[in-house]
Amino acid sequence: MSLAFQSALEFSAAADAGLDEALIVDLDGFEGPLDVLLALARAQKVDLLKLSVTRLAEQYLAFVREARRRRFALAADYLVMAAWLAYLKSRLLLPKPAAGGDGELTAEDEAGRLAFRIAKLDAMRRAAEALEARPILRRDVFPRGDPEAARIVSRRPFEGDLYELMSAYVAQRRRREERLYRPPSPVTLRLDEAREHLRELLPALTRWTALSGVAPARRAEGPSRASCLASTLAAGLELVREGALEARQLVAFEEVYLRGRKASGHKAAA
Amino acid sequence: MSPPVFAVERMVEALLFAAAEPLSAADLAERLPAGAEVAQALAALKARYAGRGVELVCVADRWRLQTAEDLAFLMTQERVEPRRLGRAARETLAIVAYHQPVTRAEIDAIRGVQANRGTLDQLLELGLVRMRGRRRSPGRPVTFGTTDAFLEHYGLASLADLPGAAEMKAAGLLSLDLPEGFEFTPGAGAEAEEDPLEEEAEFHVDYLEGEGEE
Amino acid sequence: MSPPVFAVERMVEALLFAAAEPLSAADLAERLPAGAEVAQALAALKARYAGRGVELVCVADRWRLQTAEDLAFLMTQERVEPRRLGRAARETLAIVAYHQPVTRAEIDAIRGVQANRGTLDQLLELGLVRMRGRRRSPGRPVTFGTTDAFLEHYGLASLADLPGAAEMKAAGLLSLDLPEGFEFTPGAGAEAEEDPLEEEAEFHVDYLEGEGEE
């Protein structure tokens with residue numbers, strides 16, 4: 001599995017350019033509609049929680065239109081967001097319905113929720129940057145290069161977390177599965193069963209009868225038809241050798257016919 | 001009779017210097033003569049090293065000596081170019097750090113994308129993130145949090161020292177859903193809803209869930 | 001213009017601290033800004049560390065920071081504890097966790113190797129695994145299970161919290177190509193076929209464990 005991380009975006013550049021070329025060209029750099037909305041919202045240069053959602057909706061719709069005009073294949077979630085924003089915008093512009101309270105969120109609530117999500121993503125993005133700006137071990141700050149001894153270790157019982165435990169479990173189970181792979185052996189009609197079956201039929205086999213008619217019919221969970229035929233043929237040949245049966249085949253690959261041998265057959269059966 | 005402060009300070013200095021990794025106050029106390037005032041010695045030592053080429057810092061509730069940040073430019077030979085996390089991984093790590101305990105679905109919701117499976121797994125593998133428990137909500141999803149290695153890597157004494165966390169909390173930005181009518185209530189994390197799992201009864205139910213989910 | 005002595009002293013301090021081996025004055029000069037008075041800085045640093053828990057010494061023309069000789073007694077007392085379980089131990093622990101109660105022979109059968117005797121003993125010694133009882137089968141082999149310390153270490157409220165197949169899949173550990181037969185129901189199996197180790201005492205212990213899950 002390849003981890004195709006998207007290259008970092010230069011947001012300030014996009015913001016300076018307002019909503020134009022920069023954003024459109026960078027479509028591939030965005031991680032979905034919320035990401036685009038954040039970039040647009042940053043361009044408004046206001047507290048993200050006090051953002052004008054109608055303006056944001058317009059900008060986003062323009063962005064999507066432009067992107068489509070340039071024949072970018074737009075993912076469905078971009079279009080879903082566009083449709084939802086168009087709807088939200090229209091609701092924000094309409095006069096408020098007299099009574100709410102039927103559980104449905106007001107347009108203002110929806111707008112607030114969207115602004116919150118954008119502000120939250122923004123906060124997390126800044127947090128990620130702030131973390132990277134910390135003095136990072138072995139990048140900015142360095143521990144003792146030559147500790148005197150592994151003897152002075154912190155008393156943590158040992159390391160290892162659930163993930164490690166799970167990995168260990170799966171790793172060995174997987175190895176075991178590989179080692180123990182055993183394809184199920186097919187169910188076959190046993191030769192002695194086939195013999196028994198033929199012996200029972202023998203008295204009735206006074207005329208040449210096709211092997212396919214002699215072989216036992218397939219039962220639900222039983223051996224396959226091919227196995228029944230093969231075992232019956234093998235058993236039949238044994239009986240031929242013992243003189244209880246005759247077999248013949250007129251053309252290669254055609255049906256085999258069996259017939260009981262009069263006197264000797266009955267003798268053998270008895 | 002407890003040993004004099006300067007003697008303890010010397011010992012703490014020597015131990016921290018020799019140690020291969022950060023030591024907690026308890027680790028130190030264990031190796032020092034009975035009655036040694038570890039906290040006091042640490043404070044004195046921290047003051048003594050302030051502004052020097054080597055400094056005493058607290059990471060993940062443990063103490064370590066490390067080179068001063070502004071001298072990083074000298075350390076060309078010691079620097080190991082760490083595997084840089086991609087943007088998605090950095091964001092995911094930040095979300096886990098600031099929202100823990102947090103579920104996979106919540107991370108995705110904040111990022112606004114169906115996360116690449118590998119992102120969180122990469123962090124798990126690097127030991128920066130760990131599984132913490134299960135959320136008491138339908139499906140009982142696993143929750144994630146950060147590790148001590150995370151704190152040590154970023155030189156943080158504790159999660160309370162996450163940059164900007166207090167401000168974000170005050171602004172209500174760390175709650176998972178829109179705070180009621182923008183009346184931001186700091187500290188409205190999901191902690192309360194995490195499952196301490198005392199009930200024995202859940203034992204069996206859980207396995208059934210685990211099996212049935214495939 | 002040469003940098004001030006104080007600044008050079010800090011740099012030398014940081015370099016010596018972070019270096020993996022003693023550095024000569026020439027080594028230091030090479031890594032310091034041009035014109036730095038290395039000898040002067042070394043002398044100042046030596047004076048500063050005199051009598052401290054850490055001292056600056058010169059051996060064979062190379063400089064190093066080291067712990068004061070009289071504090072050597074602090075450095076030797078600690079016995080080395082295994083910090084990471086080896087692969088065999090991790091796997092054995094995982095099997096005990098997911099299959100308890102389980103016998104030595106069963107562990108070997110699952111791992112597909114004759115286990116090193118020491119592996120299970122190490123886990124017993126670490127207090128992660130305990131003897132649980134005896135299997136009601138020929139030879140009455142001892143069965144093993146995990147301890148409360150195990151739960152505590154992994155942050156599990158109870159065995160029911162062990163991640164199941166769904167989580168393994170979510171973590172990308174289990175892929176779809178695994179055979180159907182990959183199933184496990186931790187603790188479900190042989191419970192009934194087990195006798196307590198010491199009939200009476202164990203009975204109570206088990207009961208208490210069931211109730212008092214932390």
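So that the names make sense, note that chain A is the first sequence line, chain B the second, and so on, each numbered from 1.
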Legend entry - Worked check of side-chain contact (heavy atoms from CB on, under 4.5 Å) between B:Arg31 and C:Phe73: CA-CA 10 Å; B:Arg31 292 179 181 78; C:Phe73 74 96; over 6 Å; no
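- For chain C, the nearby part of B:Arg48 is the side chain; its heavy atoms alone come within less than 4.5 Å.
- Proximity to chain B at a heavy-atom threshold of 4.5 Å picks out nothing from residues 20-28 of chain C.
- At a heavy-atom separation below 4.5 angstrom, chain C is approached by B:Leu65, B:Gln66, B:Thr67, B:Ala68, B:Asp70, B:Leu71 within residues 64-72 of chain B.
- With a 4.5 angstrom heavy-atom cutoff, C:Leu45 touches chain B only via side-chain atoms.
- Against chain C, no residue from residues 154-162 of chain B qualifies, as none has a non-hydrogen atom under 4.5 angstrom away.
- Listed in order of number, the residues of residues 52-63 of chain C that approach chain B to under 4.5 Å between heavy atoms are C:Arg52, C:Gly53, C:Val54.
- In this structure, B:Gly51 and C:Arg10 approach most closely via the heavy-atom pair O-NE, 2.8 Å.
- Looking at C:Tyr49 and B:Glu13, their side chains come closer than 4.5 Å, going by heavy atoms from C-beta outward.
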